[in-house]
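Worksheet: the structure to be examined is printed underneath.
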Amino acid sequence: MRLVIARCSVDYAGRLETHLPVAARLLIVKADGSVLVHADGGGYKPLNWMSAPCTLHEEPGCWRVSNRGGETMTIAIQEVLHDSAHQLGLDPGLVKDGVERQLQELLAERCEVLGRGWTLVRREFRTDIGPVDLLCRDEGGGYVAVEIKRRGEIDGVEQLTRYLERMRVGLEGIRGVFAAMSFAPQAKVLAAARGIECLQLDYDALRGLEPSTPRLF
């Protein structure tokens, strides 16, 4: 992982266009190629980012980041205050809490709750960046990757997006479903923009094995 603190401006062009004027910011380049731009405030969320797979071209005073979708992020660097690289090693990944783990188990046993005629292919299907919770097939035989959370946040949408990018190489036409007990409004907006369905789960109904029709947004 590379950490750069620099005075810079950032211009993004893609589904929309944004501009960040010159200020001191933290630039993070992850081992998978993702590039994130952070400020000192505003919580954990980056001001702008480009998820892997993407390409970073460094020029004197300028970083140009692009992806296969034609999106670009241009970082104009006026002054570098810090530049360091660190090997973090293999991360064991997020350990699901009891509720998320039980939701995964229940949905694996009752795929029909996710959709009529659905069948389970595999639980915790491995990708090179981690396992997706469920790999299923819908009524028409198409593959569906399902990521399960207690609460659906933007991070979960990004996580499923990365899985889908990897899985489309071998499973053409695969789509994504983000399943959770509740959703942040921003997560639903981002999921819709990415072509991912949000499915709201009734945990009590699943535990009681009662018939339930989840809501798709």
Side-chain angles (χ1 to χ4, degrees), residues 1 10 12-18 27-38 42-56 65-73 90-91 93-96 100 103-104 107 114-115 118 121-138 142-201 214-217:
M1 180 179 291
V10 183
Y12 169 87
R15 291 183 298 273
L16 48 82
E17 294 187 358
T18 62
L27 311 177
I28 299 176
V29 183
K30 294 190 174 182
D32 67 358
S34 300
V35 180
L36 302 90
V37 181
H38 280 272
Y44 68 91
K45 185 180 175 182
L47 297 171
N48 218 325
W49 69 94
M50 188 78 73
S51 299
C54 61
T55 303
L56 169 61
V65 191
S66 60
N67 64 18
R68 291 178 294 186
E71 297 170 297
T72 61
M73 183 169 65
L90 184 64
D91 190 274
L94 182 68
V95 177
K96 288 185 174 291
E100 289 184 359
L103 281 171
Q104 185 189 101
L107 291 173
L114 296 168
W118 282 34
V121 175
R122 186 167 181 178
R123 191 175 155 195
E124 297 198 348
F125 182 86
R126 292 281 173 183
T127 74
D128 61 347
I129 57 171
V132 66
D133 288 328
L134 302 178
L135 177 62
C136 302
R137 275 193 149 168
D138 61 22
Y143 286 104
V144 188
V146 183
E147 185 63 23
I148 303 164
K149 300 292 185 189
R150 178 199 291 262
R151 175 169 169 78
E153 302 278 1
I154 284 178
D155 283 356
V157 179
E158 292 286 3
Q159 182 180 5
L160 181 53
T161 299
R162 292 192 295 270
Y163 289 151
L164 288 169
E165 287 171 346
R166 296 303 201 275
M167 297 170 77
R168 281 176 181 139
V169 175
L171 302 174
E172 187 175 352
I174 190 170
R175 61 188 177 94
V177 168
F178 189 27
M181 293 164 56
S182 63
F183 290 90
Q186 301 92 330
K188 290 195 286 185
V189 171
L190 181 60
R194 300 278 175 87
I196 293 171
E197 292 177 297
C198 290
L199 186 150
Q200 189 163 340
L201 302 171
R215 290 173 287 174
L216 286 171
F217 298 92

Any idea which heavy atoms bring Arg162 and Ala52 closest together, and the distance?
CG-O, 4.4 Å

Could you give the distance from CD1 (Ile174) to CG (Leu135), rounded to the nearest 0.5 Å?
5.5 Å

CG on Leu164 to CD on Gln159, rounded to 0.5 Å:
11.0 Å

Working note: Leu190 + Glu158, criterion side chain to side chain contact (heavy atoms under 4.5 Å, CB included); need CA distance, chi angles, decisive distance, verdict.
CA-CA 9 Å; Leu190 181 60; Glu158 292 286 3; 3.9 Å; yes

Applying side chain to side chain contact (heavy atoms under 4.5 Å, CB included), run through Asp155 and Lys149 and close with a yes or a no.
CA-CA 10 Å; Asp155 283 356; Lys149 300 292 185 189; over 6 Å; no

Counting distance only, does the side-chain N/O of Ser51 pair as donor-acceptor with the main-chain N or O of Ser34 below 3.5 Å?
no

What's the spacing between Cys136 SG and Arg122 CZ if we round to 0.5 Å?
13.5 Å

Looking at Tyr143 and Glu172, would you say the former's side chain and the latter's main chain have a donor-acceptor pair under 3.5 Å?
no

Show the numbers, then the answer: is there a side chain to side chain contact (heavy atoms under 4.5 Å, CB included) between Leu134 and Val177?
CA-CA 10 Å; Leu134 302 178; Val177 168; over 6 Å; no

Start with the C-alpha distance between Leu36 and His38, add both sets of side-chain angles, then the distance that settles side chain to side chain contact (heavy atoms under 4.5 Å, CB included), and finish with yes or no.
CA-CA 6 Å; Leu36 302 90; His38 280 272; 4.1 Å; yes

Rounded to the nearest 0.5 angstrom, the CE-CD distance for Met50 and Glu71 is 5.5 Å

Answer yes or no for Arg151 and Phe183: cation-pi contact, defined as NZ/CZ to six-membered ring centre under 6.0 Å and angle to ring axis within 45°.
no

Value rounded to 0.5 Å, distance of OG1 in Thr161 from CD1 in Ile196:
3.5 Å

For a quick test of reading the model, state the closest non-hydrogen atom pair linking Gly14 to Tyr12 and the distance between them.
N-CE2, 3.8 Å

Phe178 side, atom CZ; Arg194 side, atom CZ - distance, nearest 0.5 Å
12.0 Å

Side chains of Val37 and Met73: does their closest heavy-atom pair fall under 4.5 Å?
yes

Where is the tightest heavy-atom contact between Ile154 and Ala187, given as atom of each residue plus distance?
N-CB, 3.8 Å

Out of the candidates Thr72, Leu56, Thr55, Asn48, only one should pair with Val65 under the side chain to side chain contact (heavy atoms under 4.5 Å, CB included) rule; please name it.
Leu56

Shortest non-hydrogen contact from Gly33 toward Cys54
O-SG, 3.2 Å

Give the intermediate values and the outcome of salt bridge (Lys or Arg N to Asp or Glu O under 4.0 Å) for residues Arg175 and Asp138.
CA-CA 10 Å; Arg175 61 188 177 94; Asp138 61 22; 3.3 Å; yes

Hey, is the main chain of Ile148 close enough, under 3.5 Å, to the side chain of Asp133 for a donor-acceptor pair?
yes

How close do Pro131 and Glu147 get, heavy atom to heavy atom, and via which atoms?
O-OE1, 4.5 Å

